[in-house]
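One structure below.
Quick note: numbers below take in every heavy atom, side chains included, and nothing from hydrogens, waters or symmetry partners.
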Amino acid sequence: MTGKLAGKRVLVTQANDYMGPQSVQTFRGAGAEVIADVSGLAEAGTVDILLANLAAPNHHGVAVADVDDEIWASAFDVMVHPLHRLVRATAPQMIARGAGKIIVYGSATPLRGIARLAAYPAARGAQAGYVRSVGTELARNNIQMNLIAQNWVESDVYYPESLQENPKFQANLKREVPLGRLARAEEDCALALFLAGNDSDFFVGQVIPFAGGWVS
């Protein structure tokens, strides 16, 4: 098979959710062998590229006094703790080869204050801090780890069709996002594909906004 990532093995987490389906399609289209839906990291084998797609509902509109322990812990259990386990499991083989790419689908929400949204950006902010730190550490082994800080990207969970058709949502979208529209999933995955290739080797521990101008 030919393509930009021919011969590379890519592990995509939560392959059936959020950015997972489009990521699988995009990376397979680039010639990569995509490993998805593994029950344990041991069975994934060699991983050249880790695509950490870890996401959960954001519980928007919940006042901080009503964010109970379950909501708070769930955000970190889904988005933060698994990220470390994934990196801890895949980094040693990348270090041994002296090459590897780790891309995290994160969020732009920690980059801008949003009222009544406490747990979600806290967990997303932890992801960003982790990537900045670990990305700097792994760079000395020729491993590039970066995070896409996204928002306003098409998603059946965050932006279902019924919401997109709502006039209030459409007005809010044009008011909040300078570009005036949602990003297509293909656009988001194109950035991930760039970060997975050799042309991005000088990107290290970056938290890259991808939000149509909502943050910069």
Side-chain angles (χ1 to χ4, degrees), residues 11-23 36-41 50-90 102-135 145-173 175-177 182-183 185 188 192 205 207-212 214-215:
L11 174 60
V12 179
T13 66
Q14 280 188 253
N16 295 323
D17 302 315
Y18 302 97
M19 298 308 302
Q22 183 61 52
S23 296
D37 301 322
V38 296
S39 57
L41 284 171
L50 169 61
L51 196 55
N53 171 49
L54 303 166
N58 61 26
H59 296 288
H60 188 268
V62 179
V64 66
D66 296 322
V67 176
D68 60 25
D69 289 348
E70 182 179 355
I71 292 174
W72 183 264
S74 176
F76 284 79
D77 286 344
V78 172
M79 295 185 284
V80 181
H81 306 319
L83 176 59
H84 176 58
R85 295 187 191 107
L86 286 162
V87 173
R88 186 175 60 194
T90 55
I102 302 173
I103 301 106
V104 180
Y105 284 119
S107 174
T109 55
L111 307 181
R112 177 174 170 175
I114 305 173
R116 301 174 72 85
L117 185 65
Y120 184 85
R124 289 301 199 180
Q127 284 185 328
Y130 184 83
V131 168
R132 287 188 173 108
S133 179
V134 178
M145 181 179 188
N146 296 286
L147 181 145
I148 301 173
Q150 63 190 53
N151 199 10
W152 304 100
V153 178
E154 288 179 348
S155 165
D156 291 340
V157 176
Y158 293 134
Y159 305 108
E161 187 174 342
S162 58
L163 176 63
Q164 292 188 43
E165 293 173 349
N166 188 310
K168 290 184 178 180
F169 172 80
Q170 294 173 10
N172 184 55
L173 178 66
R175 182 175 61 251
E176 292 288 333
V177 182
L182 295 178
D188 199 356
V207 174
I208 304 167
F210 182 80
W214 185 71
V215 295

Taking all atoms of both residues into account, what is the closest heavy-atom pair of [X] and [Y], and its distance?
| X | Y | value |
| --- | --- | --- |
| A185 | V153 | CA-CG1, 4.4 Å |
| I71 | D68 | N-OD1, 2.8 Å |
| A75 | A123 | O-CB, 3.7 Å |
| H84 | Y130 | ND1-OH, 2.8 Å |
| A211 | V177 | O-CG1, 3.9 Å |
| V215 | A108 | CG2-CB, 3.8 Å |

Is any side-chain heavy atom of [X] closer than 4.5 Å to a side-chain heavy atom of [Y]?
| X | Y | value |
| --- | --- | --- |
| V67 | V62 | yes |
| N146 | I103 | no |
| V12 | M19 | no |

Practice task
Go through T13 and L51 one step at a time and tell me if the side-chain contact (heavy atoms from CB on, under 4.5 Å) criterion holds.
Solution key: CA-CA 7 Å; T13 66; L51 196 55; over 6 Å; no

Exercise for the section: Given side-chain contact (heavy atoms from CB on, under 4.5 Å), test Q164 with Q170 step by step and report yes or no. Expected result: CA-CA 7 Å; Q164 292 188 43; Q170 294 173 10; over 6 Å; no

Practice task
Look only at the side chain of N53 and the backbone of D17, and say whether a donor-acceptor pair between them is shorter than 3.5 Å.
Solution key: yes

Practice task
Could you name each residue pair satisfying side-chain hydrogen bond (donor to acceptor under 3.5 Å, both in side chains) that touches residues 147-158, not counting sequence neighbours?
Solution key: Y120-Y158, Q150-D188, N151-Y159

